[in-house]
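Some notes on the structure that comes next.
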Amino acid sequence: MNTVLRLESVCKSFPVADGELEILKDVNLSLSKGEGASIVGKSGSGKSTLLYIAALIEKPTSGTVWYSDSDVTSASDSSLAALRKEKMGFVFQNSLLLDDFSALENVMIPLMNTGVRKKDAQKKATELLDRLGLAERLDHRPFELSGGERQRVAIARSVICEPDIIFADEPTGSLDEESQILIENLLLSLVHEKGLALLLVTHNEAFASRLEHRYILSHKELRAYEE
Ligand SMILES: Nc1ncnc2c1ncn2[C@@H]1O[C@H](COP(=O)(O)OP(=O)(O)O)[C@@H](O)[C@H]1O
Ligand SMILES: [Mg+2]
C-alpha cells in the first residue's frame, strides 16, 4: 500500500490548572496516496489538534505517528521541520501572505527556495494561479486582493511544491461561493490526478462528500461518519 500517513492509538491531553484536559483518545487513521479524508465535528472537539498532530506540528501524549512507513513520533524537531517543508502542504482558514510581494511572487518563492529557476517557477505559479481564476491578479499585492482571492493565493503557495500530503483546516470556511468551488476543485484534482493525499477539516458537507473517507470527531474519538 502507498500509505502516506498513519496515526495509531493517538491520545492527546493538555495540562490545565487542575490536572489534564483529555482531547483525543485512541485515534486511528490511515491515508494513502491519491486519497482524501474529511473530518467533521463540533467546535472545540479537537479537529485542529488532530490535524496538528498529523502534520507533525504537535506531538501526541501517547500513540504513534507514521509517515511513509517511518515512525516519526520521536523524531527531532529539525528532521520534522525538514519533512514538513519538503513533503507537506498546509492550508489554514486565514493563511498569511507576504505583504510586500505580489500574488505571483508569493507563490513562486517557495518553489525557488527548493532550487527551481526563477523563469520555471514563474511559469508554474502563473499556471496554478490561472487555474484558480487569478490570471488578472498576478501583480496585485495581498492588500489589493479580496479575502477569497488571498486564500486562493495561499492555497496555490502551499501546493506549488507538490507535497505528498496536504493538511487543510477549514480552508473554505469564510469564503464566497466562487472561491469555495475553485479551491475544492483544485484540491480534488491534486488528489485524483497528481496522487496527493488530503486530510481536510471542514463544515462543508458537499466538499466532504467528494472525498474517499469521512470521519467525525466526537467525545474524543474518531469514527467513520455515517450520513
Ligand atoms: N495548547 C492548548 N492548551 C490547552 N488546551 C488546548 C490547547 N489547544 C487546544 N486546546 C483545547 O482543546 C480543545 C480542542 O481544540 P481544537 O483542536 O482547536 O478544536 P476544534 O478545532 O475542533 O474546534 C479545546 O477545548 C481547546 O480549548
Ligand atoms: Mg479548529
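Everything numeric in this text was worked out from a predicted model, so none of it was measured. Atoms within each ligand, like the ligands themselves, are counted from 1 in listed order.
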- Listing protein N, O or S under 2.8 Å around the Mg ion (ligand 2) gives Ser48 OG
- Message: As a check for students: among Gly44, Ser43, Pro15, identify the option with a heavy atom nearest to atom 14 (C) of ligand 1.
- Response: Gly44
- Task: Determine whether any heavy atom of Ser45 lies closer than 4.0 Å to an atom of ligand 1.
- Result: yes
- Note on the structure: For atom 18 (O) of ligand 1, the closest protein heavy atom turns out to be Ser48 CB, 3.8 Å
- side chain to side chain donor-acceptor pair (under 3.5 Å) with Asp120: which of Gln122, Lys118, Arg117? Arg117
- Message: Does atom NZ (Lys59) have a neighbourhood of more than 12 heavy atoms from anything else shown, all under 6.0 Å?
- Response: yes
- Are Asp100 and Arg141 within salt-bridge range, i.e. N to O under 4.0 Å? yes
- Interatomic spacing from CZ in Phe14 to CG in Leu24 - rounded to 0.5 Å: 8.0 Å
- Query: Any Lys/Arg nitrogen of Glu205 or Arg214 sitting under 4.0 Å from an Asp/Glu carboxylate oxygen of the other?
  - Reply: yes
- Message: What I want to check is whether the side chains of Asp71 and Thr64 have a donor and an acceptor closer together than 3.5 Å.
- Response: no
- Message: For Glu20, is the CD atom crowded, meaning more than 12 foreign heavy atoms sit under 6.0 Å from it?
- Response: yes
- List the closest protein heavy-atom neighbour of atom 16 (P) of ligand 1: residue, atom name, distance to the nearest 0.1 Å. Thr49 OG1, 3.7 Å
- Note on the structure: Residue, atom and distance of the protein heavy atom nearest atom 19 (O) of ligand 1 read Gly46 N, 3.2 Å
- Roughly how far apart are Ile109 CD1 and Leu111 CG, rounded to 0.5 Å? 11.0 Å
- Item | Ionic contact status for Lys123 with Glu127, cut-off 4.0 Å | yes
- Atoms in ligand 1 flagged as close to Lys42, the criterion being non-hydrogen separation under 4.0 Å: 22 (O)
- Item | Interatomic spacing from CH2 in Trp66 to CG in Leu5 - rounded to 0.5 Å | 12.0 Å
- Item | Closest approach of any protein heavy atom to atom 9 (C) of ligand 1, naming residue and atom | Phe14 CE1, 3.5 Å
- ligand 1 versus Ile23, non-hydrogen atoms closer than 4.0 Å: side chain, backbone, both, neither? side chain
